[in-house]
Amino acid sequence: MSESHTSKRAGSRAASATAPASRRVRATQTTGPEAQQHLLRAADELFYRDGVRAVGVDAVVERAGVNKMSLYRQFSSKDELVMAYLERKDAQFFGYVEKSFAKHPGEPAKQLQQYFDDLAARASLEDYRGCPFVNVAVEFSDTEHAARQFVFRNKERLLARLTELATAAGADDPEMLANALALLIEGVYAASQTYRAGSGPVLAAPKAAALLIAAACGAKPAS
C-alpha cells in the first residue's frame, strides 16, 4: 500500500474522530422509535409553520436528521405522516383545553372563560400560526380526505366539551352557547393571522366570551 494511500486513510479516520458531535449523533438517529420521534417533531414544526402541502418529505427528513429510508420505515407515505402529525396536534390541543379548564375545578362558567383568556394570550404570540386543523382544512378541499375527516372529529370533540360545560354552568340553551363560543374560537384563529399579533380583535375575545356566558347563564359578566 502506498504511503499516500495510507496517509489518506489516516486522514479520513482523524476527520471522523474530530467531526462535530451533532453530525456523529445524527448518523445514529435513523431507526426505531427514536427516529419516529425526530420525524414527528420535524413534521410538527414544518407543517405548522409552512403548511402541509408546501413541505415535502425531503425537508422533513433533513430537519429530523435521518435518512429517507428511516422515514418510510416509520410511515408508509406522506399522508400517513400527516395523519400522525394531526394526532400529535390533537393531543397538544386538548392538553391546552383541559389545562385551562383545570384552573377552576367545579366552576364550569369560569372554566369556559379561562379558556378564552388563555387562547387570547396564546394567539398573541409572534410565532402563532393559528389553528393547525383550520390550516389543514384549507389545504385539503376534499371533505372525504382522511385529514379533513380528522379535522371534523377534532372540532366535534371540542364542541361536545363546550356543550358539556355550558350545561353544567346552567345555560338556558347549552347547545346555543357552545355553538356561539365555538364560532368565537374560530374567529380568534382567523384574526390571529389576518391582524397583527396581539391585535384588538384577538384581545377582545375574552370580553366577548364573558358577555355570551353571562347572557346564557343569567350572571353578571366578569370584569
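Heavy atoms only: backbone and side chains are in, while hydrogens, waters and symmetry mates are out.
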Fill in the blank from the handout: For residues 81-106, the ring pair (Phe, Tyr, Trp, His ring centres under 6.0 Å) pairs (sequence neighbours left out) are F47-Y85
Exercise for the section: Just grab all the salt bridge (charged side-chain N to carboxylate O under 4.0 Å, His left out) pairs involving residues 41-51, residues at least two apart or on different chains. Expected result: D44-R88, D44-K89, E45-R49, E45-R63
Fill in the blank from the handout: For L203, the side chain to side chain contact (heavy atoms under 4.5 Å, CB included) test, sequence neighbours excluded, returns S124
Exercise for the section: Would you indicate whether the side-chain heavy atoms of I185 and L158 approach each other to under 4.5 Å? Expected result: yes
Practice task
Give a yes or no on whether the backbone of Q74 and the side-chain of Q36 come within a donor-acceptor separation of less than 3.5 Å.
Solution key: no
Practice task
Identify, with sequence neighbours excluded, every residue that meets salt bridge (Lys or Arg N to Asp or Glu O under 4.0 Å) alongside E107.
Solution key: K110
Practice task
Taking all heavy atoms of C217 and all of A169, pick out the closest pair and write down the distance.
Solution key: SG-O, 3.7 Å
Fill in the blank from the handout: Heavy-atom closest pair (V55 atom, L46 atom, distance to 0.1 Å) is CG2-O, 3.6 Å
Completion exercise
Interatomic distance, CD@E34 vs CG@L39, rounded to 0.5 Å, equals 11.0 Å
Problem - Interatomic spacing from CG in N179 to CE in M176 - rounded to 0.5 Å - result: 6.5 Å
Handout entry: Same apolar cluster (I L V M F W Y, side chains within < 4.5 Å links), V97/L159
Key = no
Problem - Test side chain to side chain contact (heavy atoms under 4.5 Å, CB included) applied to R148 and D142, step by step - result: CA-CA 7 Å; R148 285 293 298 277; D142 180 6; 5.9 Å; no
Exercise for the section: List in chain and number order the residues that pass side chain to side chain contact (heavy atoms under 4.5 Å, CB included) with A204, two or more places apart in sequence or in another chain; answer none if no residue qualifies. Expected result: none
Practice task
Sequence neighbours left out, what passes ring pair (Phe, Tyr, Trp, His ring centres under 6.0 Å) with F150? Give chain and number order.
Solution key: none
Exercise for the section: Report the C-alpha separation of E156 and R153 in whole Å, then their side-chain angles, then the decisive distance to 0.1 Å, and conclude whether the salt bridge (charged side-chain N to carboxylate O under 4.0 Å, His left out) test is met. Expected result: CA-CA 5 Å; E156 287 166 357; R153 290 193 297 273; over 6 Å; no
Problem - R122: salt bridge (Lys or Arg N to Asp or Glu O under 4.0 Å) partners, not counting sequence neighbours - result: none
Practice task
Over all heavy atoms of both residues, which pair between P174 and A166 is shortest? Give the atoms and the distance, please.
Solution key: O-CB, 3.6 Å
Handout entry: A102 backbone acceptor or donor facing Q111 side chain under 3.5 Å
Key = no
Completion exercise
Closest non-hydrogen contact found for A215 with D172 is O-OD2, 4.5 Å
Problem - Beyond-backbone contact of K103 with D118, side-chain heavy atoms, under 4.5 angstrom - result: yes
Practice task
Could you check if a side-chain atom of F133 sits within less than 4.5 angstrom of a side-chain atom of D90, using non-hydrogen atoms only?
Solution key: yes
Practice task
Scan for side-chain hydrogen bond (donor to acceptor under 3.5 Å, both in side chains) pairs involving residues 185-195, sequence neighbours excluded, and state none if there are none.
Solution key: R129-Q193, K155-E186
Exercise for the section: Can you measure from CE (M83) to NE2 (H145) and round to the nearest 0.5 angstrom? Expected result: 8.0 Å
Exercise for the section: Flag yes if V202 and L125 sit in one hydrophobic cluster, no otherwise; membership is Ile, Leu, Val, Met, Phe, Trp, Tyr, and two members link when side-chain heavy atoms are under 4.5 Å apart. Expected result: yes
Fill in the blank from the handout: Contacts of S76 meeting side chain to side chain contact (heavy atoms under 4.5 Å, CB included) (sequence neighbours excluded), chain-then-number -> E80
Exercise for the section: State whether the side chain of Y48 and the backbone N or O of G130 hold a donor-acceptor pair below 3.5 Å, judged by distance alone. Expected result: yes
Exercise for the section: Identify, with sequence neighbours excluded, every residue that meets side chain to side chain contact (heavy atoms under 4.5 Å, CB included) alongside A209. Expected result: Q113, F116, L181, L184
Problem - Spatial distance of atom CG (L112) from atom CZ (R161) [nearest 0.5 Å] - result: 9.0 Å
Exercise for the section: Decide yes or no on side chain to side chain contact (heavy atoms under 4.5 Å, CB included) for F75 and V57, but give the supporting numbers first. Expected result: CA-CA 11 Å; F75 306 101; V57 293; over 6 Å; no
Practice task
Side-chain contact test, heavy atoms from C-beta onward, threshold under 4.5 Å: evaluate it for Y115 versus L165 and give yes or no.
Solution key: no
Handout entry: salt bridge (Lys or Arg N to Asp or Glu O under 4.0 Å) involving E175 - partner list, sequence neighbours excluded
Key = none
Completion exercise
The salt bridge (Lys or Arg N to Asp or Glu O under 4.0 Å) partners of D117 (sequence neighbours excluded) come to none
